[in-house]
Amino acid sequence: MKIAVCAKQIPDPANEVTYSDGIINRPEEQVLDDTDRYGIEVALQLKEKFDAEVTIISMGPSGTQKGLQQALQMGADKAIYVDDDSLKGSNSLMTANVLSELAKSLTADIVIFGTESTDGYSGTVPQQVSRFLDVECISYVKAIETGDNITLTRQTGEGSEKVNMPDKCVISVTAGGVEPRYPNFKDIMAAKSKSIEQIPLGELNIVTNQNLEFLNVESVESSKSGEKIIDEGEAYQEIVNKLKELKII
Amino acid sequence: MKTLIIGEVINKNLSSGTLEILGKAKSMELDVQLITVGSEDSPAIGLNEVKQTYLKRASSSFNFSKIASKISEIIKNEDIKLILGSSTYMCRDLISFISVDLNSSPVSNVVDFNLEDGKISTINSINGGESLYKAKINSDHSLLLIRPKAFDPVEIEVNSDYETIEVENTDLDVFDIYIEEKTGPQLEDSKVVISAGRGMVEKENLEMIETLANKLNAAIGGTRAIVDAGWMPYSQQVGQTGKTVKPDIYIACGISGATQHQVGMKDSKFVIAINKDEEAPIFQLADLGIVGDTLSVIPKLNENI
Ligand SMILES: Cc1cc2nc3c(=O)[nH]c(=O)nc-3n(C[C@H](O)[C@H](O)[C@H](O)COP(=O)(O)OP(=O)(O)OC[C@H]3O[C@@H](n4cnc5c(N)ncnc54)[C@H](O)[C@@H]3O)c2cc1C
Ligand SMILES: Nc1ncnc2c1ncn2[C@@H]1O[C@H](COP(=O)(O)O)[C@@H](O)[C@H]1O
């Protein structure tokens, strides 16, 4: 079984985000998007059971490989990525086109994603890739059981359902579904000798175009200057008063 | 502009997200038709003056690739230019599939859009709601995934005057389809929402939240932390990967206020937060913040309401 996991390197979410010309400024060092750790974990569970090969695929700036390293430290076998100036600020369809081509180049059977990236959070790339690859998409997976069959439990709008995983498909994994593992010292050392390969964009069959023209980006000011009261036993009264004032009670 | 709204049926009615998009489309005087997707027989979804098709899935499974192909076919045949859906699980799948068929990237998390010189421009939320991004769509088709609560819903009169097309929906082996029962006030529609976080300490303590909710006729929500811990079903999760709510009053009990939670509640009109950590980010959003122990403040509230 060949598994590809799509994982994105992003600016550390702990730092403030800045933009130029509508594109998020990418610091020299970027980290693995936490959302993608869930997809990697699912891939590794399959690897342990079925002796699969797990390759990380990614699109993004080459100034950094830290995020890819972090993915390899978790236990993935190797990584391939595409980086090209023309892909800066790509829309989701372009991203999906590039990732699909990478998955094809690996002849991957199963392609695994997070459900939405922390920075872009379009939440559409996995489904788009499945369409490019012409396989089914099992989206919003929150649990995996590996017995005789591989059973995926997916979150649906109404509740949940189970699906027997077909031989070829795309899966997106919701955060919280599995518990991503932490690499130990040995894993971290082992990752150093794993291969990270850059694939030239020119080798891929790109059929989409950038249809979204950037106009403006601004940060949302969401802080309020509300009252803050330290409870010394009577603060509940403030809530009661407020609820009365707002005619809730 | 010829517009298609992809609607959703919930409990035989159009979902609130669908009504919100219809409201916006009406205010823009768009030439609208509606395709609703569902698995129930004869839902109450027909709208006066709106051409409507009901795509009935052959099973209640949640797999939409074939339905997407059907919709793409209709879009091409009828020369539709603008395609709108609510950011729900179903529409995210559908619009993503259709975007590949039409070779036009969608815009996700749209909070507003306009039509200027025949082109659609959108404002969408990125970075977990920390920034707003404005873009113009230059392709032949514009596909938008609209965030819930971005627009005011329309009042509608429903009828059963629509065409039904049955569509096969999956070759996958699907089983154990589970539909969560919905009881009590619903998160999306309630004027008061009380949400619990890990600061409720133990699952048993949610009883005091229920008592308070009964007194205030409120719906109950929660953070992902407690949904993951199994204290509450996923359908009650508020935030980026859960529901978006916009009640008159939101009471956050023992919630730290991570950005992923904030996206789902920050447009609430009045926010009350109870948290023992004075530095908790939720206080930046609170109109009334109580620095204190949930387990002592909430029981006193219950006694005094
Ligand atoms: C991709 C992604 C998507 C996510 N989507 C969502 C989402 O949709 N919704 C969501 O909610 N989260 C989401 N999260 C998770 C989010 O980042 C936070 O981890 C989560 O919201 C924290 O939940 P919490 O506030 O209950 O717990 P914590 O962050 O642990 O906070 C608990 C709070 O309770 C306080 N507290 C403890 N004891 C008491 C007490 N006795 N009295 C009063 N206060 C007390 C503490 O001071 C603390 O502030 C997502 C994360 C990722 C990576
Ligand atoms: N540039 C990228 N490189 C690798 N994977 C990506 C990239 N962008 C998106 N993905 C994958 O697609 C998922 C959903 O991302 P998005 O559609 O941006 O919300 C992520 O969790 C990743 O698995």
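Below, chain A is the first sequence line, B the second, and so on; all start at residue 1. Computed from a prediction, not measured in an experiment: that's the story for all the values here.
Proximity to chain B among residues 96-104 of chain A is not found for any residue, judged by heavy-atom separations below 4.5 angstrom. Proximity to chain B at a heavy-atom threshold of 4.5 Å picks out Glu161(A), Lys162(A), Val163(A), Asn164(A), Pro166(A) from residues 161-170 of chain A, in numerical order.
Neither the backbone nor the side chain of Val125(A) has a heavy atom closer than 4.5 Å to any heavy atom of chain B. Both the backbone and the side chain of Thr115(A) come within less than 4.5 Å of a heavy atom of chain B. Interface residue Thr151(A): only side-chain heavy atoms are found under 4.5 Å from chain B. Using a 4.5 Å cut-off between heavy atoms, Ser139(A) touches chain B through its side chain atoms alone. In this structure, the portions of Lys228(A) lying under 4.5 Å from any heavy atom of chain B include both its backbone and its side chain. Contacts between Ile249(A) and chain B at a heavy-atom distance below 4.5 Å involve the side chain alone, from C-beta outward.
Side-chain atoms of Arg92(B) and Ser122(A) form no donor-acceptor pair, as typed in the model, at a separation below 3.5 Å. Asn211(A) and Ser104(B) share a donor-acceptor pair across their side chains, judged by distance under 3.5 Å alone. Judged by distance alone, the side chains of Gln128(A) and Ser99(B) do bring a donor and an acceptor atom under 3.5 Å apart. Of the N and O atoms on the side chains of Ser65(B) and Glu136(A), at least one donor lies less than 3.5 Å from an acceptor on the other residue. A side-chain donor-acceptor contact under 3.5 Å links Ser105(B) and Ser92(A). One side chain, Asp93(B) or Tyr140(A), offers a donor N or O that lies under 3.5 Å from an acceptor on the other.
Taking the six-membered ring wherever Trp is involved, the centroid distance between the rings of Tyr133(B) and Tyr19(A) does not fall below 6.0 Å.
Ranking Glu232(A), Glu234(A), Glu158(A), Lys244(A) against chain B, the residue ahead of the rest is Glu158(A), based on heavy-atom pairs under 4.5 Å. Among the candidates Ile179(B), Asp173(B), Asp101(B), the residue making the largest number of heavy-atom pairs closer than 4.5 Å to chain A is Asp173(B). Between chain A and the residues Asp228(B), Asn109(B), Thr122(B), the largest count of heavy-atom pairs under 4.5 Å involves Asn109(B).
Closest approach of Tyr121(A) and Ser125(B) over heavy atoms only: OH-OG, 3.1 Å. Among all heavy-atom pairs drawn from Asn103(B) and Val207(A), the shortest one is ND2-O, 3.2 Å.
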